[in-house]
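First comes the structure, then the notes that go with it.
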Amino acid sequence: MDPRESAARRLLRELGATELEHPGGTLLAHLDRVADQLTRWGAHRDLRLAGLCHAFYGTDGFALALLPPERRDELAAVIGTAAEESVYCYAACDRKASYPTLAAPDAAFRDRFTGVVHTPALHLRRHLAEITAANELDLARHDPAFHARWSGPLLTLFTRLRPLLSEPAWQDCVRVLAGRQP
């Protein structure tokens, strides 16, 4: 196992991710599944680490934070600055404001922590889309009520984000959310 991944798992356990309930078990179990999904899609190490740590600062859909964003340097020391930047991007995303234009070259990304609107680099928008897909597909696989309520809107979202998604991620979106082969 990558030393940064081992260190990230230790930190997740220290901060209580094994005690927090989440669809499909604990928060740590969910984070492991997201990282595993990204691995199956062929994601590089920094993206896999970001997937493992994507809930550190809470998210627009999961308010509980293991660390406040003011302590980003602590997570960066464990997983590296590139992976941490993707974690922050995912956590900071104001979904309602940002998702509609995320795939556009001039995407208007609103940071929910600061209120600042900017256009993240393409690699960050790709990471955000991949982590979002892995996260939402895990929820859809483990929570039938979530799947029933959100599969249509999520498929619409991922269709809009398709230019940012890897082909394996897109295929899983269609398979899980629409119940058919792409």
Side-chain angles (χ1 to χ4, degrees), residues 1-13 15 17 22 24 27-62 65-67 69 71-93 95 98-99 101-107 109 111 118-142 154 157-177 182:
M1 182 180 293
D2 179 305
R4 292 190 301 168
E5 184 178 340
S6 297
R9 288 179 196 286
R10 262 192 314 278
L11 184 57
L12 284 161
R13 285 190 294 276
L15 295 174
H22 199 278
L27 177 59
L28 184 57
H30 165 70
L31 297 171
D32 280 334
R33 289 190 306 266
V34 168
D36 289 345
Q37 181 65 75
L38 291 164
T39 298
R40 286 191 299 278
W41 290 343
H44 59 80
R45 183 174 61 170
D46 285 338
L47 180 51
R48 292 190 315 262
L49 284 165
L52 177 64
C53 298
H54 75 268
F56 255 87
Y57 311 129
T59 71
D60 199 3
F62 186 72
L66 300 174
L67 284 177
R71 293 173 54 189
R72 291 179 62 186
D73 58 330
E74 293 175 42
L75 182 58
V78 173
I79 65 172
T81 55
E84 189 282 331
E85 185 179 28
S86 294
V87 171
Y88 182 84
C89 185
Y90 183 83
C93 182
R95 295 174 181 182
S98 303
Y99 281 168
T101 65
L102 195 61
D106 59 346
F109 178 92
D111 184 314
H118 69 286
T119 301
L122 179 59
H123 80 277
L124 285 173
R125 290 184 287 127
R126 288 184 189 279
H127 289 187
L128 176 56
E130 292 275 316
I131 294 168
T132 300
N135 177 68
E136 302 298 347
L137 293 181
D138 182 68
L139 294 175
R141 286 181 175 116
H142 289 91
L154 285 172
L157 170 66
F158 294 130
T159 299
R160 189 170 50 247
L161 297 181
R162 186 173 183 187
L164 300 174
L165 293 170
S166 65
E167 189 58 27
W170 169 246
Q171 289 177 9
D172 269 358
C173 288
V174 174
R175 191 172 12 265
V176 171
L177 299 173

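- Under the ring pair (Phe, Tyr, Trp, His ring centres under 6.0 Å) rule, His54 has a single partner from Tyr90, Phe62, Tyr88, which is Tyr90.
- In terms of heavy-atom proximity, Trp41 sits nearest to Ser166 at CB-OG, 4.3 Å.
- Results of the side chain to side chain contact (heavy atoms under 4.5 Å, CB included) test with Cys53 over Val87, Leu31, Ile131 single out Val87 as the only residue that passes.
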Open item on the list: Under the criterion side chain to side chain contact (heavy atoms under 4.5 Å, CB included), I'd like the reasoning laid out for Leu161 against Leu128: C-alpha separation, chi angles, the key distance, then a yes or no.
Closed with: CA-CA 10 Å; Leu161 297 181; Leu128 176 56; over 6 Å; no
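- For the atom pair CD (Glu5) and CG (Leu12), the distance works out to 10.5 Å, reported to the nearest 0.5 Å.
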Open item on the list: Between His123 and Glu85, does the side chain to side chain contact (heavy atoms under 4.5 Å, CB included) criterion hold? Intermediate values first, please.
Closed with: CA-CA 11 Å; His123 80 277; Glu85 185 179 28; 4.1 Å; yes
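- Taking each heavy atom of Cys173 and Ala133 in turn, the nearest pair found is SG-CB, 4.0 Å.
- Under a 4.0 Å N-O distance rule, the pair Arg95/Glu136 qualifies as a salt bridge.
- Put simply, OG1 on Thr39 and CD on Gln37 are 9.0 Å apart, with the number rounded to the nearest 0.5 Å.
- Taking each heavy atom of Asn135 and Val34 in turn, the nearest pair found is CA-CG2, 3.8 Å.
- Legend: residues meeting side chain to side chain donor-acceptor pair (under 3.5 Å) with Asp60, ordered by chain and number and at least two apart, are absent.
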- [ ] Show your working on side chain to side chain contact (heavy atoms under 4.5 Å, CB included) between Leu66 and Leu75 and close with a plain yes or no.
- [x] CA-CA 10 Å; Leu66 300 174; Leu75 182 58; over 6 Å; no
Open item on the list: Checking Arg4 against Val78 for the side chain to side chain contact (heavy atoms under 4.5 Å, CB included) test, could you report, in this order, the C-alpha distance in whole Å, the side-chain angles of both residues, the deciding distance, and whether it holds?
Closed with: CA-CA 6 Å; Arg4 292 190 301 168; Val78 173; 5.9 Å; no
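- In this view, Thr59 satisfies the side chain to side chain donor-acceptor pair (under 3.5 Å) rule with no residue, not counting sequence neighbours.
- Shortest non-hydrogen contact noted between Ile79 and Ala8 is CG2-CB, 3.7 Å.
- Listed here is the closest heavy atom pair of Pro105 and Thr119: O-CG2, 3.4 Å.
- Under 4.0 Å is where a charged nitrogen must lie from a carboxylate oxygen, and between Asp138 and Arg141 no such pair does.
- Ala50 and Ser86 get closest at one heavy-atom pair: CB-CB, 3.7 Å.
- Ring planes of His44 and His127: tilted class, angle from 30 to 60°.
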